[in-house]
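Heads up: the structure comes next, in structure tokens.
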Amino acid sequence: MQISFDTTDALLIIDVQVDFCPGGNLPIEDGHEVVKIINPLIHLAQKNGAHIFLSRDFHPRLHPSFKENGGQWPTHCVQDTPGAKFHPELIIPDNLVIVSKGTRFDKDQYSAFDDTGLHVVLKKLNIKRIFIAGLALDVCVKETALDSVTYGFKTFLIKDGTRAVTQESGDKAISLMQQKGIEVI
Ligand code: VGL
Ligand code: ZN
């Protein structure tokens, strides 16, 4: 689908960070491949006046999601380390808005909507449609897209612009999202 953005659209790019790409601390197979899909979309969104949000997983040291603290994941995306940076080739839009998540000590936040207040600013901007891509499809992209529909936004998943931790859970995530009314494009 050729996307034609307008000013009531938001492009929400999830966690395209060094640690989620090959060579990082929680690498997703071919994670870096999303950049060449996402960059033209950022470019087009900028040109058409759509709003662009980049989320980042931004954990403090001692975060409960790390194995060493009883969690499930290797240590990753630690605040102010190279692994937490956006992929070096990702276009950083002029009107950059960053959504930092995973910053709490009491729980993980997979969704960019989870206790970030993101829905408030999107409603204020009169956003109607949200286009989502990034990493990882079966974790943070999925949870973000599910919250997006729950908040009443028409939600699109840009499938080529995502990669999953595992193929199987990626496929499951896609079916669930479709069931919930997310349009996979
Ligand atoms: C993510 C695992 C742990 C993600 C974040 O961004 O998908 N996955 N933290
Ligand atoms: Zn994380």
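In this text the structure is predicted, and so the values were computed from the model without any measurement. FYI, side chains are in, hydrogens and waters are out, and symmetry mates aren't considered; it's all heavy atoms of this structure. Order of listing sets the numbers, starting from 1, for every ligand and every atom in it. One-based numbering along the sequence shown.
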So the atoms of ligand 1 within less than 4.0 Å of a heavy atom of Asp57 turn out to be 5 (C), 9 (N)
Would you indicate whether Glu168, at its atom CD, is surrounded by more than 12 heavy atoms from other residues, nucleotides or ligands within a distance under 6.0 Å? no
Checking a contact table here: which protein heavy atom is nearest atom 3 (C) of ligand 1, and how many Å away? His76 NE2, 3.4 Å
Tell me which N, O or S atom from Asp57 is the closest to the Zn ion (ligand 2). OD2
Restricting to non-hydrogen atoms, name the atom on Leu54 and the atom on Leu96 that form the minimum distance, rounded to 0.1 Å. CD1-CD1, 3.5 Å
Under 4.0 Å from a heavy atom of Ala136: which atoms of ligand 1 are those, numbered in the order shown and with their elements? 4 (C), 6 (O), 7 (O)
With atoms numbered from 1 as shown, which atoms in ligand 1 lie under 4.0 angstrom from a non-hydrogen atom of Cys140? 1 (C), 4 (C), 5 (C), 6 (O), 7 (O)
Does the N or O separation between Tyr110 and ligand 1 drop below 3.5 Å for any pair? no
Atoms of ligand 1 less than 4.0 Å from Asp15 heavy atoms? 4 (C), 6 (O)
For ligand 1, is there an atom lying under 4.0 Å from some heavy atom of Gln72? no
Residue part near ligand 1, for Val165, under 4.0 Å between non-hydrogen atoms: neither
Under 3.5 Å, N or O to N or O, is Asp108 touching ligand 1 that way? no
Both conditions, 6.0 Å and 45 degrees, for the charged tip of Lys101 above the ring of Phe113: are they met here? no
Test of proximity, Leu26 against ligand 1: N or O pairs below 3.5 Å: no
His76, N/O/S atom nearest the Zn ion (ligand 2): NE2
Determine whether Cys77 and Arg56 make a side-chain contact, defined as any pair of heavy atoms from C-beta on separated by less than 4.5 Å. no
Enclosure of Lys172 NZ (heavy-atom neighbours >12, cutoff 6.0 Å): no
Knowing that exactly one of Gln109, Gln79, His76, Arg104 qualifies, which makes a side-chain hydrogen bond (donor to acceptor under 3.5 Å, both in side chains) with His59? His76
